[in-house]
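When a ligand or atom number is given, it counts from 1 through the structure's own listing order. Everything numeric here is computed off the predicted structure, so don't read it as measured data.
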Amino acid sequence: MMDNLNKRNEYIQNAKTIVVKVGSSTLTYSNGLLNLNHIEGLVRQLSDLHNMGYNVVLVTSGAIGAGMGKLGLKERPKTIPEKQAAAAVGQGILMHMYEKVFSEYGKTVGQILLTKEDMTHPVRKNNAHNAFSSLLEQKVIPIINENDAVVVDEIKVGDNDTLSAYVAQLVEADLLILMSDIDGLYDCDPRKNKAAKLLDFIPEITEEIEACAGGAGSNLGTGGMATKINAAKISTSSGISMVIVNGENAKNLRYVLEGKDVGTWFEASKIN
Ligand code: GLU
């Protein structure tokens, strides 16, 4: 195990640009209202990492959730236009809160709402890359989400785990951290099996690892693990290590960068 920790530590030594993705269940309560405690903890930690000299990029979910809260919807909207409307309302609420709390720590934030094409179409990809570079050069913390109000495909099938891996590629990040509602990847579903063991280090994403996540492409993975494995594949194959930690404790971000043994680490593939 020490060996794996050493590998993590060695990797972190050279990390400069960090992409952090945080999920709806960390940012909002099940009624859609914002979890201020989690948001404040997250922003404080991100601001501190920024003070330490890291480039920090935040990929945030929670727009639809926050929109539901504001619109007084009791359950997640079913039709696409309703989801679009909830996202349009909720995105503003999220940004208002981020702007407010990051300002308390003297940080400037900038919003970028991406669509799939911004990551796949060469010209648009380049445009997005330039925007990120300019923001980071000016010490701004970019805050990213998908443009849910207009991209219906994303609302049907998109997820911010995958988005964050594309963002990590775009900004040529050194590390991608996914903050989840679970401690990491287990060898079996911890909600069903008390003996489930947390996997601390994944050198390679094998079929066995995919099986731990509920199988490739499954939507029924352990705590939404299938999309996280997908993100890990995109990220590690681009030479960027990824780690899943529990978003319940924002200090986990710091622990990762201090080389502590938290969460599940997915080792970057060597790029020649
Ligand atoms: N973009 C969606 C939102 O802000 C979230 C997608 C996801 O949670 O993966 O509500």
Starting from the C-alpha separation in whole Å, work towards a yes-or-no answer on side-chain hydrogen bond (donor to acceptor under 3.5 Å, both in side chains) for Lys260 and Asn252. CA-CA 9 Å; Lys260 296 211 169 96; Asn252 278 332; over 6 Å; no

Ignoring angles and geometry beyond distance, decide whether [X] reaches within less than 3.5 Å of ligand 1 through its nitrogen or oxygen atoms.
| X | result |
| --- | --- |
| Asn160 | yes |
| Ala63 | yes |
| Ser61 | yes |

Side chain of Asp187, backbone of Lys197: donor and acceptor closer than 3.5 Å? yes

Using a 3.5 Å distance criterion without hydrogens, assess whether the side chain of Thr17 forms a donor-acceptor pair with backbone atoms of Asp174. no

Identity of the nearest option to atom 3 (C) of ligand 1, non-hydrogen atoms only, from Val22, Asn147, Asp148: Asp148

With a 4.0 Å heavy-atom cut-off (strictly under), which part of Asn145 contacts ligand 1: side chain, backbone, both or neither? side chain

Proximal atoms of ligand 1 relative to Asp159 (non-hydrogen, under 4.0 Å): 9 (O)

Apply the side-chain contact (heavy atoms from CB on, under 4.5 Å) test between Phe266 and each candidate in Leu176, Leu199, Ile244, Ile240; give the one that qualifies. Ile244

Among Ile144, Asn147, Asp148, Val150, whose side-chain contact (heavy atoms from CB on, under 4.5 Å) with Leu113 holds? Asn147

Taking the non-hydrogen atoms of Gly23, is any one of them nearer than 4.0 angstrom to ligand 1? no

Partner of Asp48 under salt bridge (Lys or Arg N to Asp or Glu O under 4.0 Å), chosen from Arg254, Lys251, Lys107: Arg254

